[in-house]
Each structure stands twice: as structure tokens, then as C-alpha cells.
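Order of the sequence lines fixes the chain letters, A, B, ..., with proteins taken first and strands second; residue numbering starts at 1 for each chain.
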Number of protein chains: 2
Amino acid sequence: MEAAVKRKRTRIQKEKRETILEAALEVFSTHGFRGSTIDQIAEAAGMSKPNLLYYFRGKEEIHETLIARLLETWLAPLKELRADGDPLTEIRSYIRRKLEMARDYPRESRLFANEILQGAPRIMPLLEVDLKNLVDEKAEIIEGWMRAGRIACADPWHLIFSIWATTQHYADFDAQVRAVLGPERGGEGRFEDAGRFLEQLYIGGLRPKG
Amino acid sequence: MEAAVKRKRTRIQKEKRETILEAALEVFSTHGFRGSTIDQIAEAAGMSKPNLLYYFRGKEEIHETLIARLLETWLAPLKELRADGDPLTEIRSYIRRKLEMARDYPRESRLFANEILQGAPRIMPLLEVDLKNLVDEKAEIIEGWMRAGRIACADPWHLIFSIWATTQHYADFDAQVRAVLGPERGGEGRFEDAGRFLEQLYIGGLRPKG
DNA sequence: CAATTTTTTGACCGATTGGACAAACGTTAG
DNA sequence: CTAACGTTTGTCCAATCGGTCAAAAAATTG
């Protein structure tokens with residue numbers, strides 16, 4: 001209670017909130033926001049609906065908490081791109097990190113994709129500020145490499161978009177990827193195959209001419 | 001009525017069904033299946049809910065009709081990939097066609113993305129048969145080009161995935177692309193920029209070594 | 001014109017939804 | 001023990017959902 005400003009949470013509150021968020025991630029990522037019900041989340045979290053609503057004010061607050069926390073995780077790989085590294089190595093590492101995230105955190109990727117797909121109504125401000133600033137900053141770095149002739153010239157923003165697209169594809173469109181590859185080729189090896197392909201594509205496509 | 005097998009539709013029925021499908025595409029693509037209501041679709045189509053339900057048996061049937069029709073449109077660009085053409089030209093044309101579809105039919109792309117994101121519950125059989133067969137066939141062609149040394153060797157399935165991902169990204173994640181590019185760079189020119197970038201990436205990445 | 005068929009609508013229904021609430025339960029400090 | 005606190009639950013509610021239905025209104029046909 002208090003003035004709602006003070007964050008005084010008991011141990012149980014912290015634990016239960018985590019349990020709920022974990023369950024909500026599972027449910028939201030597979031059914032979308034409107035497709036998910038509080039009952040579903042409550043059941044997945046192993047508690048009753050009123051009990052869940054004791055820890056979160058409502059469905060919206062759960063979703064907001066999840067998205068806000070997710071954005072940090074999502075920006076992290078790009079933040080690691082360093083201007084003082086070897087360009088091709090830096091880009092290759094970034095692709096690898098993003099692909100690992102698609103493999104290890106597909107639910108987070110799908111939650112994010114769901115939100116963007118529907119116009120990002122709940123996070124547009126964050127995208128326009130935090131994400132845009134980060135991308136602008138890193139695009140600047142990449143552009144510097146290009147001007148120095150260390151990699152081929154290309155639009156750095158669209159380069160970043162293409163890396164997002166190709167890597168997250170394996171999380172967001174997993175159902176389609178599996179369907180097309182079939183049971184044999186669609187196993188766990190698909191991420192290694194994808195990694196090899198993407199590395200070759202980007203190394204070849206970005207190697208400076210000459 | 002009749003035996004339901006015979007398709008005897010009056011002029012009004014055909015027109016109204018088209019109006020409904022157009023409205024449903026708009027609504028479904030921005031809110032997903034569960035996020036959309038019949039009332040929303042009816043209002044977007046300019047008619048009452050019972051009137052809409054006079055032309056379609058239910059929400060599910062509208063969605064199914066939409067998806068079935070969409071799949072044809074969606075497979076078409078890949079079908080045009082011809083084994084007897086110049087490899088790099090064929091691939092470049094395919095990328096261009098897909099990018100044009102993302103630009104001109106973003107709602108269709110998002111409808112499809114929504115469905116796949118949630119595990120493709122309604123079209124998995126179609127993916128496993130129609131889509132898989134088509135991709136396998138075209139992957140075979142691409143593999144032939146690679147064996148002949150006409151383009152660099154790479155996994156043809158993942159090559160196709162990457163083309164899907166990078167082109168559809170501009171429709172599915174349009175909100176994010178616009179947010180990052182900002183008002184100036186995010187205008188209509190973004191598709192031309194994307195086209196130039198992707199062409200360079202794939203031409204460079206697939207040019208045979210030597 | 002009247003008869004018939006197609007189209008449209010207002011009223012309604014059962015099910016599900018997000019959420020409220022008081023009562024009950026459990027735990028711990030005195 | 002009791003009082004105070006945090007936690008949990010059963011019950012209930014208003015709103016919304018997909019869908020039905022009978023009857024009105026148009027349109028078509030004779």
C-alpha cells in the first residue's frame with residue numbers, strides 16, 4: 001500500500017511475481033495479448049485468478065512489465081557492437097548473438113514480434129527513443145567502417161534490419177521453418193545451418209571490394 | 001441453400017462477400033484472429049453483424065477463406081523462379097518481387113505472420129505439404145546452380161528463409177522500421193533503400209568465388 | 001399488381017472475459 | 001492465547017463475445 005511510490009516487496013511477493021511473469025511470457029508469446037486470458041496465465045502459474053490479481057493490478061500491467069523488461073534484453077546484443085573492433089568480426093559476433101537469442105529465448109522474440117506486428121501500440125515511445133538512438137549510434141559506427149573502406153558500402157540501417165529479420169525469423173516463424181525443413185532437417189541442427197549460411201552471406205556481401 | 005455443394009451465388013452475395021473479406025483483412029491483420037471481433041469486421045464492412053453472418057457461417061470461415069486465398073498469392077513469387085534463367089538474375093528478381101509484395105500488400109503479410117507466429121494452428125497442413133513441396137523443388141534448382149559453380153555454395157533452404165525474412169520484415173515490422181528510421185528517412189523511399197541494400201548483400205554474398 | 005425469394009435488422013442468448021470483494025486462511029509478533 | 005498482517009479463495013458482476021432467430025424490408029419474379 002503506502003504511497004505506491006515506495007517499492008516495499010516481501011520475499012513472497014517477489015517470487016510470485018516472477019512465477020507469474022514466467023507463466024505470462026509463455027501464454028502471451030503463443031496467443032498474443034488479446035488471445036490470452038488471465039485464467040490461462042493463472043493456471044500456468046499454478047494459482048487462482050484472484051490470487052494472481054493480488055500481485056498485479058491487471059492483465060495490462062503484467063504485459064507492460066514483461067515488455068519493459070524484455071526490451072533491455074533485446075537491445076543488449078547490439079549494445080556490444082564496438083567501434084574499435086574488427087568490423088567483420090564485430091558484425092559476425094552480433095549475428096551469432098542474435099541467433100543464439102532466437103534459439104534460447106524464442107518466447108521473448110515472439111512476444112516482441114506480436115507487439116510490433118500490431119503496430120507496437122504499447123511500446124512505440126520506447127522504440128522511437130531508446131531503440132532509435134541505439135540504432136543511430138551503431139549505424140554511425142558501421143558507416144565509419146564503410147567510409148574507411150574496411151567493409152563494403154551499404155545502408156547501415158538496412159543492414160541492421162536485415163540482421164534482425166534473418167535471425168529472429170528462426171524464433172518468430174519457427175512453425176513455418178519446421179514445416180518446410182521437415183522432421184529430419186528441422187531438428188536442433190537448423191540453428192547451426194542457419195548460422196553458417198548467414199555468416200557466409202554477410203561476410204561475402206560486406207567484404208570490401210578489390 | 002441447395003445441397004451446399006453447388007456454388008450458386010447471386011451478384012449481391014459475391015459483392016458482399018468481397019466487401020466483408022476486404023474489411024476482415026484490415027481487421028485481422030492488425031489485431032490477429034482472437035483480437036478481432038465480428039462487430040469490428042461488420043462495422044468496417046459497413047453492415048450489421050447479423051447481416052455479415054448471413055454471408056459467412058462465422059468468424060472462422062471468414063478467416064479460413066482469407067488465408068486460403070492468401071496462400072496462393074504468397075507462393076506465386078517463388079513459383080516464378082525458373083531453372084533455365086541466369087541464377088543471380090533469378091534470385092534478384094525474386095527478392096524484388098517479394099519486396100514489392102511487402103510494400104503493396106502489407107496487410108496480407110501481417111495476416112500470414114500473425115498466423116505463423118501463433119504456431120500456424122489453422123494452416124500447418126498446408127505448410128507441410130504445399131509450401132514444403134514448392135520450397136523443396138526450388139531449393140533443388142538453386143542447389144543445381146551451386147553444383148554447377150554458377151553461384152556460391154550455401155544452404156538453399158536457409159537462403160530462401162533469409163529472403164522471406166528480410167523482405168517481409170518491411171511489412172510485418174513496419175512500425176519498428178518507421179520508428180527507427182524516423183520521419184525523414186522512414187518515408188516511401190525506404191523500400192528503394194531496402195531494395196538496393198538487399199541486392200548488394202545477396203549479389204555479393206552469392207557471387208561465385210574466384 | 002401480388003407472390004415469392006433474398007436481404008437486412010433488432011432483440012435476444014449462453015458463454016467467456018477482466019476484474020472486484022469480502023471472507024477465510026496462514027503466519028508471526030507480542 | 002490474541003491481534004495484526006500478508007496471502008488465498010469462492011463468489012459474484014458488468015461487459016463483451018460469437019452466434020441465433022423471427023420478423024421486417026427490399027428485391028425479384030410471375
| remark: Across all chains, not counting sequence neighbours, the side-chain contact (heavy atoms from CB on, under 4.5 Å) partners of B:R122 are B:F33, B:E60, B:H63, B:E115
| said: Using a strict threshold of under 4.0 Å (side-chain N to carboxylate O), is an ion pair present between A:E192 and A:R196? | reply: no
| message | Just the rounded figure in Å: distance from C1' of D:dT7 to NZ of A:K14. | response | 17 Å
| Donor-acceptor pair between A:Y202 and A:S162 side chains, under 3.5 angstrom | yes
| request: Please report, rounded to the nearest Å, how far the P atom of D:dG19 is from the NE2 atom of B:H63. | output: 13 Å
| said: Expected output is a numbered-order residue list: members of residues 117-124 of chain B with a heavy atom under 4.0 Å from any atom of DNA chain C. What is it? | reply: none
| message | The criterion is salt bridge (Lys or Arg N to Asp or Glu O under 4.0 Å); which residues satisfy it with A:R178, sequence neighbours excluded? | response | A:D174
Distances under 3.5 Å between protein N/O atoms and the N/O atoms of nucleotides 9-13 of chain C, please, pair by pair.
{"residue": "C:dT9", "atom": "OP2", "partner": "B:S48", "partner atom": "OG", "Å": "3.3"}

| remark: Residues passing the salt bridge (Lys or Arg N to Asp or Glu O under 4.0 Å) test with B:R107, sequence neighbours excluded, are B:E22, B:E26
| Roughly how many Å is it from CD in A:E61 to C1' in C:dG19, rounded to a whole number? | 14 Å
Using distance only, find each side-chain donor-acceptor pair of residues 39-51 of chain A under 3.5 Å and give its atom names and separation, not counting sequence neighbours.
{"residue": "A:Q40", "atom": "OE1", "partner": "A:T37", "partner atom": "N", "Å": "3.0"}
{"residue": "A:S48", "atom": "OG", "partner": "A:N51", "partner atom": "N", "Å": "3.4"}

| remark: Here the distance between atom P of C:dG18 and atom CD1 of A:I62, to the nearest Å, is 10 Å
| request: For D:dT8, take OP1 and OP2 only and decide whether either is under 4.0 Å from a side-chain N or O of A:K16. | output: yes
| field | salt bridge (charged side-chain N to carboxylate O under 4.0 Å, His left out) between A:D193 and A:R190, intermediate numbers included | value | CA-CA 5 Å; A:D193 294 342; A:R190 67 189 189 279; over 6 Å; no
| request: Nearest whole angstrom, please: distance from the C1' of D:dC13 to the CG of A:L53. | output: 14 Å
| request: Considering just the side-chain nitrogens and oxygens of B:Q13, establish if one lies under 4.0 Å of OP1 or OP2 belonging to C:dT7. | output: yes
| Considering residues at least two apart in sequence or located in another chain, which fulfil the side chain to side chain donor-acceptor pair (under 3.5 Å) criterion with A:E18? | A:R69
| note | Here the residues of residues 25-37 of chain B within 4.0 Å heavy-atom distance, strictly under, of DNA chain D are B:S36, B:T37
| said: Tell me every residue that passes salt bridge (Lys or Arg N to Asp or Glu O under 4.0 Å) with B:E72, counting only those two or more places apart in sequence or in another chain. | reply: B:K79
| message | What's the closest nucleotide to the side chain of B:D39 if the choices are D:dG19, C:dT7, D:dG18? | response | D:dG18
| message | Can you tell me which nucleotide in D:dG18, C:dT8, D:dT8 comes closest to the side chain of B:Y55? | response | C:dT8
| note | Quick note, side-chain hydrogen bond (donor to acceptor under 3.5 Å, both in side chains) partners involving residues 127-136 of chain A, not counting sequence neighbours, are A:K132-A:D136, A:D136-A:W157
| request: Would you mind classifying the nucleic acid contact of B:I38 as base, sugar-phosphate or nothing, using non-hydrogen atoms under 4.0 angstrom? | output: sugar-phosphate
| message | Test of understanding: with side chain to side chain donor-acceptor pair (under 3.5 Å), list the residues that count as partners of B:T166, not counting sequence neighbours. | response | none
| query | Rounding to a whole Å, what distance do you find between A:E15:CD and D:dT7:P? | reply | 11 Å
| For B:E15, which residues count as a salt bridge (Lys or Arg N to Asp or Glu O under 4.0 Å) partner, sequence neighbours excluded? | B:R11
| message | Rounded to whole Å, how long is the line connecting atom NZ of A:K59 with atom C1' of C:dT17? | response | 8 Å
